[in-house]
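Keep in mind that this is a model prediction, so the values were computed, not measured.
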Amino acid sequence: MTAQDTTPDPNTSRPDTTPDPNAPSPNTFNNPNTSGPDTTNDPNSSGPDTTNNPNTSGPDTTNNPNSSGPDTTNSPNSSGPDTTNDPNSSGPGAPDSSFARSDTGVQIDTVAHAAATPETKLPWRELGLKQDEFERIKQILGRRPTSSELAMYSVMWSEHCSYKSSKKHIQAQFGAKTTPEMRKRLMVGIGENAGVVDLGQGWAVTFKIESHNHPSFVEPYQGAATGVGGIVRDIMAMGARPVAVMDQLRFGRIDHPDTVRVVHGVVAGIGGYGNCLGLPNIGGETVFDSAYQGNPLVNAACIGVMRHEDIHLANASGVGNLVVMFGARTGGDGIGGASVLASETFEADGPSKRPSVQVGDPFQEKVLIECCLELFAAGVVEGISDFGAAGLSCATSELAAAGEGGMRVDLDKVLLRDPRLTPEEILMSESQERMMAVVAPDRFAAFEAIAQRWDIEYSAVGVVTATGRLEVDYRKARVVDVDPHTVARDSPVYDRPYARPAWQDALVADTPDRLARPASPAALRATVLQLTASPNLCSRAWITDQYDRFVQGNTALAMPDDAGVVRVDESSGLGLALATDGNGRYTKLDPRMGAMQALAEAYRNVATVGAEPLAVTDCLNFGSPESPDSMWQLVSAMEGLADACCALGVPVTGGNVSLYNETGEIGHPDSAIHPTPVVGVLGVLDSVADVVASGWREPGLAIWLLGATAGEFGGSVWADVVHAHLGGTPPRVDLDAERRLARVLTGAARAGWSAAAHDLSDGGLATALVEAVLRYGVGAAVDLGGVTGRDGIVPFETLFSESQARALVAVRGEDEPDFAALAAAEGVPALRLGVTGGAELRVAWPEGSFAIPLAELREASSATLPAHFA
């Protein structure tokens with residue numbers, strides 16, 4: 001069965017794969033990823049032991065008030081924490097018998113029972129583990145794992161959570177290559193919830209980008225919405241106030257029937273969640289390409305700001321401190337969600353990965369943000385962690401591994417939305433809007449007061465211990481007893497084989513040189529209009545108008561400008577800029593070069609608005625790491641990105657790796673998505689008053705072209721739109737030229753010489769001119785003769801080449817000499833191209849000219865997306 005076969009009906013407004021979060025969910029531990037029967041009797045597996053089967057009939061009434069279950073310490077209105085987990089007491093300890101039972105008689109697989117029954121068969125294969133991984137778990141524990149331990153290891157050792165195929169290369173590239181000079185403004189780096197950079201004037205900014213790709217294909221609305229919610233919680237866990245979000249979207253072919261379903265769901269999910277949070281969406285990208293048909297990419301970024309002294313790191317330290325869950329209750333939605341979905345392909349012959357996608361509640365998250373910020377400000381928490389992919393398994397193991405001792409947790413104290421959840425399901429659930437705090441006992445009353453003021457439910461579920469172990473109890477019996485480092489830190493590290501694909505040479509050899517090119521004025525005019533109306537260059541207003549870009553009143557620039565800009569401090573005007581970019585077509589042709597191009601474009605976009613580039617976050621979207629072709633693309637891209645960061649002097653602060661974006665036959669050139677490294681660059685502006693927009697507002701400005709142009713069309717929009725061609729090599733990367741260009745752009749902005757600026761990238765000079773004249777409805781007249789003569793190219797190449805390290809700048813007449821001198825001092829080629837004004841875009845060269853009214857350009861640009869999706 002293909003990925004398309006499993007897609008919900010595109011004619012429905014919401015696919016039916018998401019269960020009602022208020023309805024009880026069946027116990028699916030023995031095969032949580034299928035809607036069908038338990039397949040643990042598969043003759044190819046080691047087979048189940050029915051005594052270990054938690055799927056027997058009858059609900060678990062753990063939270064039944066008529067049962068002898070947990071006491072009222074599970075109530076948020078209790079007078080204080082439950083002290084049964086006091087590390088100085090004997091605690092629940094091991095049961096008298098080798099196993100425990102729930103109120104309904106369902107057997108619970110305890111640590112003692114696991115030790116006594118080594119022959120019990122467990123569904124490790126169905127949970128995504130390899131046989132050698134399962135054997136390693138048994139070796140670590142010195143026995144077979146309990147079903148709860150197996151659940152914990154399976155989600156924490158998944159590709160999404162453990163980075164087991166990329167960890168080696170992350171350390172070798174982004175760790176080892178980062179120099180002390182690059183770390184000067186880096187306050188928190190890779191390994192925490194998000195990186196933190198010194199913005200100046202006592203301010204710090206934390207930012208990160210992550211993927212929610214696979215859930216957004218299964219259930220686009222909730223997949224995208226919870227992607228936004230998850231990245232926002234990463235930011236607020238650092239002690240920062242989230243101030244803006246961005247998104248990077250890749251969809252299938254624009255006219256494919258299923259694209260409508262995915263686009264509508266994803267855009268509505270992003271807008272619905274972000275708008276309800278009151279966070280401005282300040283930019284991003286949207287790309288349509290058949291390469292993403294079965295694997296759309298939904299990458300979400302968030303920025304937060306704080307004072308230096310407000311930075312917080314999450315760890316469980318201080319023996320006797322309480323471990324407190326707060327926020328939403330734990331339910332059956334998202335069991336094995338992102339961690340499992342993001343670690344497998346949608347192949348029919350692989351493990352079936354169809355668990356429920358998480359269900360988000362932005363209103364709950366909004367009050368959770370305010371509650372967390374007040375908890376930090378009041379000093380009542382030692383640290384706060386979000387519940388990432390893998391839920392409680394993630395939060396407990398990562399907090400304990402980052403701390404000085406251990407942790408004991410009682411699952412009976414977890415506030416549940418569905419009382420029938422088994423311990424395995426409680427540990428795996430990825431229910432949203434939940435946080436975990438470490439609180440000193442004498443500060444718990446203050447914690448309660450703040451949580452109750454924000455109407456946030458909470459429960460003290462555990463305690464920090466000195467054992468060095470993560471111990472989890474359920475029904476007064478121990479179900480988990482592990483070293484937390486083995487769960488959260490010491491996951492398998494694979495050295496996957498990789499090699500340049502056999503088909504790569506043929507792809508590169510198929511250059512666009514053979515493609516027919518327009519030459520006459522009429523043909524060039526028609527090509528400008530064709531590219532302007534194309535899916536990847538047309539106006540994104542149909543999408544971005546569904547997002548609130550100016551809520552909070554601090555947005556200085558947003559889409560369609562080159563970068564988003566937000567004011568940080570009203571008194572000084574200090575601001576930050578963020579641009580996120582990626583080009584999968586370039587990266588398919590040359591993974592190393594494509595990753596460098598992504599960084600170069602984002603770096604250039606930040607400089608174009610007048611900001612000094614400071615730091616990088618990335619989201620690396622690739623195919624299966626088990627494919628040597630895809631693994632080669634990943635490794636090459638990481639090497640290129642790391643080397644480019646060194647050349648530009650910007651460190652990678654953190655990010656995300658999304659693998660298994662592949663549904664075809666391994667080894668085929670089109671089996672996976674285009675390898676898509678998305679790179680976000682953060683910049684700083686001393687004052688947002690100096691910000692530079694991407695289009696000119698007034699007539700009479702001189703239009704200057706910075707940078708040199710060559711005939712570079714490999715992977716270009718022109719080759720794609722006009723000829724459906726992908727081949728050759730991408731444009732050359734010159735990082736030294738990018739640095740010098742950035743210095744000209746930021747210097748001109750600070751001096752007040754730039755009235756407008758726009759980078760040149762996809763679509764080349766023609767697209768930059770079209771977007772600049774449409775930004776504020778002021779036309780332009782340009783003469784290409786100076787460029788064709790200087791660079792030895794023809795008008796077609798001048799208009800549509802995608803040579804890098806170039807930008808347009810509009811300058812007032814009195815500032816032209818100073819601007820030209822600045823460019824000359826930096827060694828940046830500069831030519832006066834024309835002048836702003838009028839109601840048309842007029843393009844001339846010695847042998848001809850053409851003109852396009854702005855009204856015609858606007859119609860071509862604005863009609864495409866509504867025609868397909870409105």
Side-chain angles (χ1 to χ4, degrees), residues 63 70-87 91 193 233 236-239 312-330 364-365 367-388 391-417 426-427 429 431-465 470-474 484:
N63 283 347
D71 59 24
T72 56
T73 55
N74 197 33
S75 166
N77 299 316
S78 64
S79 59
D82 182 357
T83 58
T84 56
N85 276 337
D86 185 338
N193 281 310
R233 290 193 299 278
M236 69 192 208
M238 301 300 297
H312 289 82
L313 303 181
N315 60 76
S317 58
V319 174
N321 284 341
L322 302 171
V323 178
V324 185
M325 284 180 63
F326 63 107
R329 290 188 171 226
T330 299
Q364 173 81 59
E365 180 127 333
V367 294
L368 199 57
I369 291 172
E370 301 304 326
C371 180
C372 286
L373 291 173
E374 186 171 346
L375 289 169
F376 280 130
V380 302
V381 293
E382 303 299 314
I384 291 178
S385 175
D386 73 314
F387 280 66
L392 188 59
S393 295
C394 174
T396 54
S397 63
E398 289 190 348
L399 274 173
E404 303 165 351
M407 183 187 295
R408 186 182 303 140
V409 173
D410 187 351
L411 296 183
D412 293 330
K413 303 295 187 293
V414 175
L415 298 176
L416 300 178
R417 202 164 60 228
I426 297 170
L427 287 167
S429 170
S431 293
Q432 298 291 286
E433 292 85 41
R434 297 179 299 164
M435 304 294 283
M436 179 168 280
V438 178
V439 184
D442 62 351
R443 302 297 290 157
F444 187 72
F447 179 98
E448 287 187 296
I450 292 171
Q452 289 171 8
R453 180 157 55 250
W454 289 103
D455 197 24
I456 295 288
E457 288 192 295
Y458 59 90
S459 177
V461 300
V463 66
V464 177
T465 68
L470 173 58
E471 301 161 308
V472 179
D473 299 323
Y474 179 76

What pair of heavy atoms forms the shortest contact from [X] to [Y], and how long is it?
| X | Y | value |
| --- | --- | --- |
| Asn193 | Ala314 | ND2-CB, 4.4 Å |
| His312 | Gly239 | ND1-CA, 4.2 Å |
| Met435 | Ala237 | CE-CB, 4.2 Å |
| Gly327 | Ile456 | N-CG2, 3.4 Å |
| Val323 | Met436 | CG1-SD, 3.5 Å |
| Ser429 | Arg434 | O-NH2, 2.8 Å |

With Ala400 via side chain to side chain contact (heavy atoms under 4.5 Å, CB included) - residues at least two apart: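 Counting only residues at least two positions away or on another chain, Ala400 forms a side chain to side chain contact (heavy atoms under 4.5 Å, CB included) with Met407, Pro484.
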Measuring only between side-chain heavy atoms, which start at C-beta, is [X] closer than 4.5 Å to [Y]?
| X | Y | result |
| --- | --- | --- |
| Arg233 | Glu433 | yes |
| Tyr458 | Ile450 | no |
| Ser459 | Val324 | no |

Rounded to the nearest 0.5 Å, how far apart are [atom1] of [X] and [atom2] of [Y]?
| X | Y | atom1 | atom2 | value |
| --- | --- | --- | --- | --- |
| Leu322 | Glu382 | CG | CD | 10.5 Å |
| Cys394 | Leu427 | SG | CG | 12.0 Å |
| Asp386 | Gln432 | CG | CD | 9.5 Å |
| Thr330 | Phe387 | OG1 | CZ | 6.5 Å |
| Met236 | Glu365 | CE | CD | 5.0 Å |

Whether Ser317 side chain and Glu404 backbone form a donor-acceptor pair below 3.5 Å: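 No, because the side chain of Ser317 does not come within donor-acceptor range (under 3.5 Å) of the backbone of Glu404.
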Set of residues satisfying salt bridge (charged side-chain N to carboxylate O under 4.0 Å, His left out) with respect to Glu398, sequence neighbours excluded: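 Residues passing salt bridge (charged side-chain N to carboxylate O under 4.0 Å, His left out) with Glu398: none at all.
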Crowding at CG, Asp442 (>12 non-hydrogen neighbours, <6.0 Å):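 Result for CG/Asp442: enclosed.
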Name every donor-acceptor pair, under 3.5 Å, that has one atom in a side chain of residues 367-381 and the other anywhere in the protein, sequence neighbours excluded.
unit_1, atom_1, unit_2, atom_2, d
Glu370, OE1, Arg241, NH2, 3.0
Glu370, OE2, Arg241, NH1, 3.0
Glu374, OE1, Trp454, NE1, 2.7
Glu374, OE2, Arg453, NE, 3.4
Glu374, OE2, Arg453, NH2, 2.2

Candidate pair Leu411 and Leu392, rule side-chain contact (heavy atoms from CB on, under 4.5 Å), full reasoning: CA-CA 10 Å; Leu411 296 183; Leu392 188 59; 3.5 Å; yes
Worked check of side-chain contact (heavy atoms from CB on, under 4.5 Å) between Leu415 and Met325: CA-CA 8 Å; Leu415 298 176; Met325 284 180 63; over 6 Å; no
